[in-house]
Amino acid sequence: MAESESIKEYPVPGIVVTWEATRCQHARECVMGLPGVFDPKKRPWITPEEASVEDLVTVIDRCPSYALSYRTDDGRTRTAPN
Ligand code: SF4
């Protein structure tokens, strides 16, 4: 599916963080929530190893556009609505 090709994955132990650039509204909830993980000035701009799985889940759940989603090893998922 062409749409999924724009989704980048950032895997670390316990969680895979995904980011879909075309959905991002630059609301910066992620940057304000975990500045050590989400830094638009860095490449890669997402470094999930800088936070715990629980903190990642909490902050990613605030992403209003669903640009950020995740799959955790214990079965929790957040996926964008169609
Ligand atoms: S919270 Fe979501 S929409 Fe806002 S900047 Fe981060 S990824 Fe983009």
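One-based numbering, in listed order, for ligands and for the atoms of each.
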Rounded at 0.5 Å granularity, tell me how far OG in Ser69 sits from CD in Glu20.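 Taking OG in Ser69 and CD in Glu20, the distance rounds to 8.0 Å.
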By side chain to side chain contact (heavy atoms under 4.5 Å, CB included) - contacts of Asp73 (at least two apart): none
Supply the members, apart from Tyr66, of the Ile/Leu/Val/Met/Phe/Trp/Tyr cluster built from side-chain contacts under 4.5 Å; use none for a lone residue.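 Result for Tyr66 is none, singleton.
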Considering only heavy atoms of Trp19, which atoms of ligand 1 have at least one such atom less than 4.0 Å away?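 Heavy-atom distances to Trp19 below 4.0 Å select 7 (S).
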Test ring pair (Phe, Tyr, Trp, His ring centres under 6.0 Å) applied to Tyr70 - qualifying residues, sequence neighbours left out: none
Listing by chain and number, what protein N/O/S atoms are under 2.8 Å from atom 6 (Fe) of ligand 1?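 Counting only protein N, O or S atoms under 2.8 Å from atom 6 (Fe) of ligand 1, the list reads Cys30 SG.
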Checking the side chain of Thr77 only, and the main-chain atoms of Arg71 only, is there a donor and an acceptor separated by less than 3.5 Å? no
Over 60° means perpendicular and under 30° means parallel, so tell me whether Trp19 and Trp45 are parallel, tilted or perpendicular. perpendicular
